[in-house]
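Written out below as structure tokens is the structure these notes cover.
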Amino acid sequence: MGDRLKDQSLRLKPGIRARLDAEAVASDQTEAEIVDAAIEIYLASQTEKRAQLEQAIAVADEGVFISSQKMADWISSWGTENERPAPEPDIALKPRQGRKS
């Protein structure tokens, strides 16, 4: 699919096209430069988001969690004179193994 897009124009909604045109004029850049930068930022963000999600899944697969009650007690102490330290895990489940991607 990517190869098919190389020779095609990018179709944008009229409102986005107008904003892109205005930004190109205001920033003294070409529309292509702005679109290229925006896509680069988006793809980097998605890659980072996916990596963080995979890391969170790996941690969760270990089966060690903090109960909602301990979290709620901790959060409710924020901003008070008796603010509590972050809670320690109090739930241990059998670790998941062999997770399918």
Side-chain angles (χ1 to χ4, degrees):
M1 181 174 177
D3 290 339
R4 291 187 296 169
L5 293 177
K6 285 182 181 178
D7 298 327
Q8 295 182 5
S9 296
L10 187 61
R11 292 190 179 103
L12 301 173
K13 295 176 185 176
I16 293 174
R17 169 59 73 184
R19 291 171 60 199
L20 175 60
D21 292 344
E23 180 58 29
V25 170
S27 65
D28 195 29
Q29 298 179 82
T30 67
E31 293 160 342
E33 289 171 329
I34 295 169
V35 169
D36 188 58
I39 291 171
E40 178 69 29
I41 290 167
Y42 173 80
L43 293 175
S45 171
Q46 290 301 107
T47 299
E48 178 62 24
K49 182 178 175 181
R50 199 168 288 108
Q52 289 180 2
L53 181 58
E54 287 297 320
Q55 182 182 13
I57 289 169
V59 169
D61 284 348
E62 293 173 10
V64 179
F65 303 94
I66 299 170
S67 66
S68 60
Q69 185 59 54
K70 276 196 164 188
M71 288 299 294
D73 291 346
W74 175 52
I75 292 169
S76 68
S77 77
W78 291 357
T80 69
E81 290 182 17
N82 298 317
E83 189 168 319
R84 297 177 179 167
E88 295 292 324
D90 61 334
I91 298 174
L93 305 174
K94 182 179 178 183
R96 286 180 48 178
Q97 295 179 5
R99 187 178 78 82
K100 296 179 182 177
S101 298

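None of the values given here were measured: they were computed from a predicted structure.
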Q55 atom CD, neighbour heavy-atom count above 12 within 6.0 Å:
no

Can you establish whether the number of heavy atoms outside E88 located under 6.0 Å from its atom CD is more than 12?
no

Between P87 and M71, which heavy-atom pair has the shortest distance, and what is it?
CG-SD, 3.8 Å

To the nearest 0.5 angstrom, please state how far the CH2 atom of W78 sits from the CZ atom of R84.
13.0 Å

Donor-acceptor list for residues 25-36 side chains, cut-off 3.5 Å, not counting sequence neighbours:
residue	atom	partner	partner atom	Å
S27	OG	E23	O	2.7
S27	OG	Q29	NE2	2.9
T30	OG1	E33	N	3.0
T30	OG1	E33	OE1	3.4
E33	OE1	T30	N	2.8

Can you tell me how far apart CG (L10) and CD1 (I39) are? Round to the nearest 0.5 Å.
6.0 Å

Between the NZ atom in K70 and the CZ atom in F65, the distance rounded to the nearest 0.5 Å is 15.0 Å

Rounded to the nearest 0.5 Å, how far does NZ of K13 lie from CG of L20?
14.5 Å

Please identify each residue that fulfils side chain to side chain donor-acceptor pair (under 3.5 Å) with S67, with sequence neighbours left out.
D90

CG on D73 to CD1 on I66, rounded to 0.5 Å:
12.0 Å

How long is the gap from CZ on R19 to CG on L12, to the nearest 0.5 Å?
11.0 Å

Would you say the side-chain atoms of T47 pair up with the backbone N or O of L43, donor to acceptor, closer than 3.5 Å?
yes

